[in-house]
Engineer: 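Please read through the structure below; I'll follow up with questions.
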Amino acid sequence: QVQLVESGGGLVQAGGSLRLSCAASGRTFSTYTMGWFRQAPGKEREFVAAISRSGGPIYYSDSVKGRFTVSRDNAKNTVYLQMNRLKPDDTAVYYCAAGDSAYLTHLSSRYGYWGQGTQVTVSS
């Protein structure tokens with residue numbers, strides 16, 4: 001098993017930046033595909049980005065492509081989400097998730113472990 005703890009959320013003005021971190025503990029971090037998801041009030045959880053075990057293949061949702069960057073540091077057991085040019089529509093609780101599959105996927109059901117989430121609020 002793996003335990004995940006997100007940090008780095010907060011309040012930022014539109015056009016600003018935030019970097020989220022997700023620290024993992026437990027089973028070897030490098031054996032997991034990692035994903036970021038978000039959920040806005042009244043909406044379903046939405047895929048944001050996924051990164052492979054090695055940090056090579058990466059997959060973004062169309063809504064964040066070109067603005068967000070996902071990365072990982074397996075030596076530090078941490079995955080990051082750098083968010084630039086933030087918009088009010090990016091306001092949500094952001095979750096990191098870990099999956100056993102080697103394949104990148106946007107499907108939340110493929111991720112078996114989840115953090116508690118961190119709030120990101122973008123003001124206009």
Side-chain angles (χ1 to χ4, degrees):
Q1 284 198 347
V2 63
Q3 293 77 43
L4 304 171
V5 179
E6 302 96 335
S7 61
L11 173 64
V12 64
Q13 287 189 330
S17 299
L18 281 175
R19 188 173 85 152
L20 305 183
S21 299
C22 174
S25 61
R27 208 181 91 186
T28 306
F29 177 67
S30 60
T31 64
Y32 292 100
T33 293
M34 298 300 296
W36 284 98
F37 291 77
R38 65 187 182 186
Q39 188 166 18
K43 295 187 177 180
E44 293 188 353
R45 190 167 295 187
E46 174 191 20
F47 169 76
V48 174
I51 185 167
S52 65
R53 294 166 175 175
S54 66
I58 290 173
Y59 176 25
Y60 295 102
S61 70
D62 288 342
S63 61
V64 307
K65 195 177 298 181
R67 299 188 299 122
F68 290 11
T69 302
V70 62
S71 62
R72 67 190 295 164
D73 186 337
N74 286 343
K76 295 183 178 180
N77 293 345
T78 303
V79 62
Y80 305 97
L81 186 67
Q82 177 67 43
M83 305 185 294
N84 297 329
R85 291 184 282 136
L86 282 160
K87 306 174 182 179
D89 284 350
D90 294 319
T91 295
V93 177
Y94 282 71
Y95 300 89
C96 71
D100 291 314
S101 173
Y103 298 100
L104 298 184
T105 178
H106 64 284
L107 299 175
S108 61
S109 60
R110 297 297 178 90
Y111 295 86
Y113 307 97
W114 293 80
Q116 83 290 348
T118 186
Q119 177 71 47
V120 171
T121 303
V122 184
S123 63
S124 58

Engineer: Taking all atoms of both residues into account, what is the closest heavy-atom pair of Leu18 and Gly8, and its distance?
Structural biologist: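 Closest approach of Leu18 to Gly8, heavy atoms only: CD2-O, 3.8 Å.
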Engineer: List, one per line, each side-chain donor-acceptor pair under 3.5 Å for residues 105-112, sequence neighbours excluded.
Structural biologist:
unit_1	atom_1	unit_2	atom_2	d
Thr105	OG1	Leu107	N	3.0
Tyr111	OH	Thr105	O	2.7

Engineer: Would you call the rings of Tyr32 and Tyr113 parallel, tilted or perpendicular, where under 30° means parallel and over 60° means perpendicular?
Structural biologist: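 Perpendicular.
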Engineer: Would you find a donor on one side and an acceptor on the other, under 3.5 Å apart, between the side chain of Thr33 and the backbone of Ser101?
Structural biologist: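 Yes, Thr33 side chain to Ser101 backbone: donor-acceptor pair under 3.5 Å.
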Engineer: Go through it in stages, so that I can follow the logic: the residues are Arg53 and Ser30, the test is side chain to side chain contact (heavy atoms under 4.5 Å, CB included), and I'd like the CA-CA distance, side-chain angles, deciding distance and then a yes or no.
Structural biologist: CA-CA 5 Å; Arg53 294 166 175 175; Ser30 60; 5.7 Å; no
Engineer: Less than 4.5 Å apart, any side-chain heavy atom of Val120 and any of Leu20?
Structural biologist: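 Counting from C-beta outward, Val120 and Leu20 do come under 4.5 Å.
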Engineer: Going by side-chain contact (heavy atoms from CB on, under 4.5 Å), Trp36 matches just one of Met83, Glu6, Glu46. Which one?
Structural biologist: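 It is Glu6, the one option of Met83, Glu6, Glu46 that forms the side-chain contact (heavy atoms from CB on, under 4.5 Å) with Trp36.
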Engineer: In Å and rounded to the nearest 0.5 Å, what is the OG to CD distance from Ser124 to Gln13?
Structural biologist: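 Separation between the atoms: 9.5 Å.
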Engineer: List the atom pairs, donor and acceptor, that lie under 3.5 Å between side-chain atoms in residues 87-96 and the rest of the protein, sequence neighbours left out.
Structural biologist:
unit_1	atom_1	unit_2	atom_2	d
Asp90	OD1	Arg38	NH1	2.9
Asp90	OD1	Arg67	NH2	3.0
Asp90	OD2	Arg67	NH1	2.7
Asp90	OD2	Arg67	NH2	3.4
Asp90	OD2	Lys87	N	2.8
Thr91	OG1	Pro88	O	2.9
Thr91	OG1	Val122	N	2.9
Thr91	OG1	Val122	O	3.4
Tyr94	OH	Arg38	NH1	2.9
Tyr94	OH	Asp90	O	2.6

Engineer: For Met34 and Val79, work out which heavy atoms get closest and say how close.
Structural biologist: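 Scanning both residues completely, I find the closest heavy atoms to be CE-CG1, 3.9 Å.
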Engineer: If two hydrophobic side chains count as joined below 4.5 Å and joins carry through other members, does Val70 share a cluster with Leu86?
Structural biologist: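 Yes; tracing contacts between hydrophobic side chains, which count when under 4.5 Å, links both residues.
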Engineer: If you look at every heavy atom in Ser54 and Pro57, which pair is closest and at what distance?
Structural biologist: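 Looks like OG-CD, 4.3 Å.
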Engineer: Which heavy atom of Ser17 sits nearest to which heavy atom of Gln82, and what is that distance?
Structural biologist: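 Result for this residue pair: CB-NE2, 4.0 Å.
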Engineer: Using the rule that two of Ile, Leu, Val, Met, Phe, Trp, Tyr join whenever any of their side-chain heavy atoms come within less than 4.5 Å, decide whether Leu4 and Phe47 are in one cluster.
Structural biologist: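 No.
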Engineer: What's the verdict on side chain to side chain contact (heavy atoms under 4.5 Å, CB included) for Thr118 and Ser7, showing C-alpha distance, side-chain angles and the deciding distance?
Structural biologist: CA-CA 6 Å; Thr118 186; Ser7 61; 5.8 Å; no
Engineer: If you look at every heavy atom in Gln39 and Lys43, which pair is closest and at what distance?
Structural biologist: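 The pair with the smallest heavy-atom distance is NE2-O, 3.0 Å.
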Engineer: Flag the pair Asn77 / Ser25 as yes when at least one side-chain heavy-atom distance between them is below 4.5 Å, and no otherwise.
Structural biologist: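 Side chain of Asn77 against side chain of Ser25, heavy atoms only: no contact under 4.5 Å found.
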Engineer: Please examine the side chains of Trp114 and Arg45, heavy atoms only from C-beta on, and report whether any two atoms are closer than 4.5 Å.
Structural biologist: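 They are in contact (side-chain heavy atoms under 4.5 Å apart), so the answer is yes.
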Engineer: Is the closest side-chain heavy-atom distance between Tyr60 and Ile51 below 4.5 Å?
Structural biologist: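 Sidechains of Ile51 and Tyr60: no contact.
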Engineer: Could you state whether Val48 and Ile58 fall into the same hydrophobic cluster, counting links through intermediate Ile, Leu, Val, Met, Phe, Trp or Tyr residues with side-chain heavy atoms under 4.5 angstrom apart?
Structural biologist: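 As far as the 4.5 Å side-chain criterion goes, Ile58 and Val48 are connected within one cluster.
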Engineer: What heavy-atom pair brings Thr78 and Ala23 nearest, and what distance separates the two atoms?
Structural biologist: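 Thr78 and Ala23 have their closest heavy atoms at OG1-CA, 4.2 Å.
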